[in-house]
Amino acid sequence: MKRILIEQLKEWKNSQNRKPLIIRGARQVGKTWLMKEFGRTCFENFVYINFDNNERVKAIFKDYTEPKRIITALNAETGTAIKADKTLIIFDEIQENPDALTALKYFYENAPEYFIVAAGSLLGIALHQGTSFPVGKVDFLDLYPMNFREFLCACGDENYENVLASQDFNLITSFKSVFIERLRQYFYVGGMPEVVKSFAENQDFTEVRRLQKNLIEYYQQDFSKHAPLKEVPRLNMVWQSIPGQLAKENKKFVFGAIKKSARASEFEVAIQWLCDCGLVHKVNRTKKGDIPLIAYMDLGVFKLYLHDVGLLCAMGDIDSKTIIDGSRIFEEFKGALTEQFVLNELISECNLKPYYYSADNSTAEIDFIIQQNGKVVPVEVKAGENLQAKSLKVYHQKYQNPVSVRTSLSDFRQDEWLTNIPLYAILRIKDFV
């Protein structure tokens, strides 16, 4: 499989100011595979240390803080001669060993010649529980489920992925039937690597759904295993409410939809837990379309999306027959699948932090609003063929922003104040911001 993040790992390797690197991401998004693939393809060898239920390795970091002594102990533990310039050291599930986290500081300060990559699925949660962290002594990368370009590559469409990566919209449009067909499939399959691999090999949607349901069950088991006991019921209620919340016309998260008379204070820890472990994305409302957006963020008003469009499809029990039924899959959940897809692409492909916009005393709402390079760009998502952009026009008249984007199944089009970018090419929004 191809993961685009490996190019950033190569840049990290060649950086003059390299620090130990931590890769963050939800469970099962491919962190372990990515680190091992990086070690296999870019180094003479690699050593892999998993701290989950490995007390002997944990003891190494408890007993030693000096990097040279740690390396000597790891040589003995792994049976591999670790060479500073030729060996990648991989620490997996590093949140299970706070002493190893602390040791990253000593490697940065006293032994920066070693290449160290670490990963932690529940790292954000561990930090909120008071785990010590080497602030300023590590670099970060975030790994998400496979995006649409990576899905194309996994399905053997590398040539089409190259087209999509270009800035030639005439060329991209000439292959739109291929892209739309693959996009239908991607909405159903999503980007969880195990699921994508199965689909690429067997084209079996029944097996896809079985694997997705297993993953959902696996995540819920994680709630019981890792979350505070009193939060487990709340975690399940929030998690299971998300498809229904997104199926509303107004997708704003409503606590009363979880249970009658629910209050924000009851569920704020559960929501933060889901955010910290990477399973949900919280998109806050901003009340004004000016820079900086964060200054106008409404902390109490937000939408919650999952981290993967395929899992949202599975939680909503969308039938695979929907894939071949025209544009229907793009309109399911009142367009929630389409919004979920666009959000994932904005985050994983463009490294953007989206908000959504609605003004006080107004019904006008913009699905996403982003800030980049000194610009604020509103993004309206259209799942169907009705391409009227009333809210976007109201917003433009108020703020006169230089770039406004609508994304839909229609072809690329540049009007006086509005740019239409096809859904399958939404990653190209970075060309305009």
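The first residue of the sequence shown is numbered 1, and numbering continues consecutively from there.
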- Only one of K31, R27, K58 passes salt bridge (Lys or Arg N to Asp or Glu O under 4.0 Å) with E93; say which it is. R27
- Return yes if a side-chain donor-acceptor contact under 3.5 Å exists between E207 and N202, otherwise no. no
- Query: Any luck finding a side-chain donor-acceptor pair between E158 and N162 under 3.5 Å?
  - Reply: no
- Message: What verdict does the salt bridge (charged side-chain N to carboxylate O under 4.0 Å, His left out) test give for K213 and E217, after you've listed the backbone C-alpha separation in whole Å, the side-chain angles of each residue and the deciding distance to 0.1 Å?
- Response: CA-CA 6 Å; K213 292 290 189 181; E217 177 69 22; over 6 Å; no
- Task: Starting from the C-alpha separation in whole Å, work towards a yes-or-no answer on salt bridge (charged side-chain N to carboxylate O under 4.0 Å, His left out) for K10 and E7.
- Result: CA-CA 5 Å; K10 292 176 182 177; E7 296 305 317; 3.5 Å; yes
- Message: Testing the 3.5 Å rule here: is there a donor-acceptor pair between the side chains of Q414 and T419?
- Response: yes
- Sub-6.0 Å ring centroid separation between Y108 and Y106: no
- Task: Apply salt bridge (charged side-chain N to carboxylate O under 4.0 Å, His left out) to the pair R413 and D411, showing each step before the final yes or no.
- Result: CA-CA 6 Å; R413 187 167 70 252; D411 297 342; over 6 Å; no
- Please test F199 against F205 for ring pair (Phe, Tyr, Trp, His ring centres under 6.0 Å), starting from the C-alpha separation and ending with a verdict. CA-CA 7 Å; F199 174 74; F205 290 107; 5.2 Å; yes
- Do the non-hydrogen side-chain atoms of V29 and Y144 ever get within less than 4.5 Å of each other? no
- If you look only at pairs with a residue in residues 40-50, which of them pass as a side-chain hydrogen bond (donor to acceptor under 3.5 Å, both in side chains), with sequence neighbours excluded? E37-R40, E44-K83, N45-T87, Y48-N50, Y48-D92
- Among K197, R3, K2, R182, the one residue meeting salt bridge (Lys or Arg N to Asp or Glu O under 4.0 Å) with E150: R3
- Take V117 and F91, measure what side-chain contact (heavy atoms from CB on, under 4.5 Å) needs, and give me the verdict at the end. CA-CA 6 Å; V117 176; F91 295 151; over 6 Å; no
- Message: Ring-plane angle category for F151 and F148, please: parallel below 30°, perpendicular beyond 60°, tilted otherwise.
- Response: parallel
- Item | Pair D298 + K287: basic N to acidic O under 4.0 Å | no
- Cut-off 3.5 Å, side chains only: do S404 and N401 have a donor facing an acceptor? yes
- Query: Between Y296 and Y355, is the ring centre distance below 6.0 Å?
  - Reply: no
- Measure centre to centre between the rings of F223 and Y219, then say whether the value is under 6.0 Å. no
- Do T407 side-chain atoms and I426 backbone N/O form a donor-acceptor pair below 3.5 Å? no
- Task: Can you sort out the partners of N351 under side chain to side chain contact (heavy atoms under 4.5 Å, CB included), two or more places apart, ordered by chain and number?
- Result: none
- Task: For residues I242 and L306, report the shortest heavy-atom separation together with the two atoms involved.
- Result: CD1-CD2, 3.7 Å
- Message: Tell me which one of Y305, F333, F187 satisfies side-chain contact (heavy atoms from CB on, under 4.5 Å) with Q340.
- Response: Y305
